[in-house]
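Take a look at the structure below.
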Amino acid sequence: MPQVQLYDTTLRDGAQREGISFSVVDKLNITRRLDELGIHFIEGGWPGSSPKDDEFFKKARDIKLTNARLVAFGSTRRHNIKAAADGNLQSLANAGAGIVTLVGKSSDLQVTQVLETTLEENLAMVSDSIGYLRPKGITVFLDAEHFFDGYKSNPEYALQVLRVAGEAGTECLVLCDTNGGALPAEVTAAVAAARKVTDVPIGIHAHNDSELAVANTLAAVDAGASQVQGTINGFGERCGNANLCSIIPALKLKMGIDCVTDEQLANLTEAARYVSEVANLIPDAFLPYVGASAFSHKAGLHVSGLSKWSGSYQHIDPAVVGNKQKMLVSELSGRANIVHRARELGIELPAKSKEALELLEKVKLLESRGFQYENAEASFDLLVHRAKADYQKPFELVDFMVIVEKRRRPPAIKSAEEMLSEAVVKVRVGGEVMHTAAEGNGPVNALDQALRKALLRFYPSLSAVRLVDYKVRILEESTGTESAVRVLIESSDGIEQWRTVGSSANIIEASWLALADSLEYWLLKQR
Ligand SMILES: [Zn+2]
């Protein structure tokens, strides 16, 4: 067994984040993914609290887990009733999970002010509830709610709760920073105090309200905690929970704690993005370790340093966590970025060569006209390819026309007034010129449809490509007499995503440029 066990609560605490709602299928899929990632405990939800959670536990029995064990979450018995008479505890016992995490109060003020019962009754609630589940063969972890606040207001009582839970047979005492207000030094001191009163393993469950959830978790591990609770991407109520995507690499790479295998760690970035996608949230590019920009380098000096020594401007090798280094190409950067990017594309472009200089000049000129390549690496890659003398375009535009019309129709037709968009496109592929027309939902869509119609005859596999995002920005800073429009398009073939850019005083032309780049880029990759 590893020295530190990973406990994921994305499916329970993580789902408390505003805007997240996992279906049962989502939860089952995430469970499989977490298992692959090497998580030791997966908290699936609160049986008895909602039909969704009940269904999850029923279906989760059929999942074959290799690394992880499933955990059900619930509360200690209500006050002044018997544990056996508590419906919640019965649901927990019947959920079929071999482990139950019970949340119990460990702060005197929470007991008297919120629970409105006596300190003695709360101790009895903790020990009775554990005593009810244990004989059923269930392993019990205690989530000591508000432990760090409780340790401040009444340390004797907070520690007494741990002692009582330990004597009742809990197998882990998880100290919770429920309000997320603790500081790392406070966590260290409180964990050390807890270890003095009990031999039961200590866990940590930190919230991120002070942006210290990861720091507090690592401080707890330093002080001897052996179970860390958190969520993927730090999802959670308010400002979130401790982010396992930062904790796992910190434990493994920086603290030498072998909590996952090298292969599992190399899947971290993919798992983080997968969970974001399932949550229907755009993956945060600026997350440490797993964000798309976590290893992006813009300044020319950094790029030239990195090309000499990969450790010069980054704290770890991004590949270790499954991420990638990214050199941003922008007017701020120099030849080093361009040479580096060309090399990644398999094109040798010596830094002092005429081609490298010309390409840099071209990028600068285009950027002054409103193009921006930082976020449109596919368009930049095409610039590099086009710089080669022998480059052959997969297709070439001859001309296009777009008509947008507002028509009045008889009221019997479902929408009396309708916008019509139609595009006519002429493209050359090899020696042949294709002439197509298509209607669309808006002018850009019509253009997209007409262009595809023309190209599908030559490249049937192009049907896999679809637009996933289309962004327009008006550029105040453009130097021309009229303001320019920048269009950014994100495309996907179901496996990979790429971004292209177009800029012009005319929104249709800007859209066309980005659109044509997107298809050209994909066709180029298929060669
Ligand atoms: Zn929590």
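Not measured: the values here are computed from a predicted model. Nothing fancy with the numbering, it's 1 onward along the sequence.
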Open item on the list: With a 4.5 Å cut-off on side-chain heavy atoms, are L173 and F147 touching?
Closed with: no

Task: Salt-bridge present (R134, E171; N to O < 4.0 Å) - done: yes

Task: Check: T10 side chain, T231 main-chain N or O, donor-acceptor pair, under 3.5 Å - done: no

Task: Straight-line distance of S379 OG to Q372 CD, nearest 0.5 Å - done: 11.5 Å

Task: Non-hydrogen atoms of V465 and S491 that approach each other most closely - done: CG1-CB, 4.3 Å

Task: 4.5 Å side-chain heavy-atom contact, Y151 and L159 - done: yes

- [ ] Any chance you could measure Q160, atom CD, to N122, atom CG, to the nearest 0.5 Å?
- [x] 10.0 Å

TODO: Run the salt-bridge test on K471 and E490 with the 4.0 Å N-O cut-off and return the result as yes or no.
DONE: no

Open item on the list: Tell me whether D35 contacts the main-chain N or O of T66 through its side chain, where contact means a donor paired with an acceptor under 3.5 Å.
Closed with: yes

Open item on the list: Under 6.0 Å between ring centres: does that hold for F41 and F141?
Closed with: yes

- [ ] Kindly check if the number of other-residue, nucleotide or ligand heavy atoms within 6.0 Å of CZ (R238) is above 12?
- [x] yes

Task: From CD1 (I81) to CG (D128), nearest 0.5 Å - done: 10.0 Å

- [ ] For D26 and S23, indicate whether the former's side chain and the latter's backbone hold a donor-acceptor pair under 3.5 Å.
- [x] yes

Task: Side-chain donor or acceptor of D54 paired with backbone N/O of G48 under 3.5 Å - done: yes

Open item on the list: Is it the case that the side chain of D493 and the backbone of Q497 share a donor-acceptor pair, with hydrogens and angles ignored and the cut-off at 3.5 Å?
Closed with: no

Open item on the list: Just so I know, are the side chains of D209 and D177 near enough to count as touching, which here means a heavy-atom distance under 4.5 Å?
Closed with: no

Task: Heavy-atom donor-acceptor pair, W498 side chain to S518 backbone, under 3.5 Å - done: yes

TODO: Measure up the Y373 and F371 rings against each other and bin them: parallel (under 30°), tilted (30 to 60°), perpendicular (over 60°).
DONE: parallel

Open item on the list: Quick one, F148 and N216 - any side-chain contact, counting heavy atoms below 4.5 Å?
Closed with: no

Open item on the list: Any heavy-atom pair between the side chains of D108 and S153 that's under 4.5 Å?
Closed with: yes

TODO: Using a cut-off of 6.0 Å, state whether more than 12 heavy atoms not belonging to N441 lie near its atom CG.
DONE: no

TODO: Of all the heavy-atom pairs spanning Q325 and Q314, show the shortest one and how long it is.
DONE: NE2-NE2, 3.0 Å

Open item on the list: Could you check whether any side-chain N or O of T269 sits under 3.5 Å from a backbone N or O of V321, counting only pairs where one atom can act as donor and the other as acceptor?
Closed with: yes

Open item on the list: Evaluate T101 against Y7 for side chain to side chain donor-acceptor pair (under 3.5 Å), listing each step before the verdict.
Closed with: CA-CA 11 Å; T101 292; Y7 182 112; 2.7 Å; yes

TODO: Please report the C-alpha distance between F380 and V501 in whole Å, then the side-chain angles of each, then the deciding distance to 0.1 Å, and finally whether the side-chain contact (heavy atoms from CB on, under 4.5 Å) criterion is met.
DONE: CA-CA 9 Å; F380 179 76; V501 65; over 6 Å; no

TODO: Please examine the side chains of Q229 and C172, heavy atoms only from C-beta on, and report whether any two atoms are closer than 4.5 Å.
DONE: no

- [ ] Mark yes when over 12 heavy atoms from residues, nucleotides or ligands other than R195 sit less than 6.0 Å from its CZ; otherwise mark no.
- [x] no

Task: Minimal non-hydrogen separation, A213 against A242, with atom names - done: CB-CA, 3.5 Å

Open item on the list: Measuring from atom CG of D8 to atom CG of L34, what distance do you get when rounded to the nearest 0.5 angstrom?
Closed with: 4.5 Å

Task: Backbone of R77 reached by a side-chain donor or acceptor of S129 within 3.5 Å - done: yes

Task: Test: K252 and D262 ion pair at under 4.0 Å - done: yes

Task: Within 6.0 Å of CG in D317, more than 12 heavy atoms from elsewhere - done: yes

Open item on the list: Can you give me the closest heavy-atom contact between G14 and I20, atom names plus distance?
Closed with: O-CD1, 3.8 Å

Open item on the list: Counting C-beta onward and ignoring hydrogens, is there a side-chain heavy-atom pair between L70 and I99 closer than 4.5 Å?
Closed with: no

Task: Carboxylate-amine/guanidinium proximity below 4.0 Å for R12 and D53 - done: no

Task: Nearest heavy-atom neighbours spanning N243 and N233 - done: OD1-N, 3.2 Å

Open item on the list: Looking at K254, I'd like to know if its NZ atom is crowded, meaning that more than 12 non-hydrogen atoms belonging to other residues, nucleotides or ligands lie closer than 6.0 Å.
Closed with: yes

- [ ] List the atom of I232, the atom of C245, and the distance in Å for their closest heavy-atom pair.
- [x] CG2-SG, 3.8 Å

Open item on the list: Within the supplied structure, the quantity of interest is the number of heavy atoms (other residues, nucleotides, ligands) at a distance under 6.0 Å from K52 NZ; does it exceed 12?
Closed with: yes

Task: Value rounded to 0.5 Å, distance of CD in E36 from CG in N67 - done: 9.0 Å

- [ ] Apply ring-ring contact (aromatic ring centres under 6.0 Å, His included) to Y132 and list each qualifying residue two or more places apart in sequence or on a separate chain.
- [x] none

TODO: Ignoring hydrogens and angles, tell me if any N or O in the side chain of R78 forms a donor-acceptor pair with the backbone of N88 under 3.5 Å.
DONE: no

Open item on the list: Does any part of the side chain of L115, heavy atoms only, come nearer than 4.5 Å to the side chain of M125, both counted from C-beta?
Closed with: yes

- [ ] Indicate yes or no for a side-chain donor-acceptor contact from D13 to the backbone of N241 under 3.5 Å, with no hydrogens or angles considered.
- [x] no

- [ ] To the nearest 0.5 angstrom, please state how far the CG atom of L37 sits from the OG1 atom of T261.
- [x] 9.0 Å

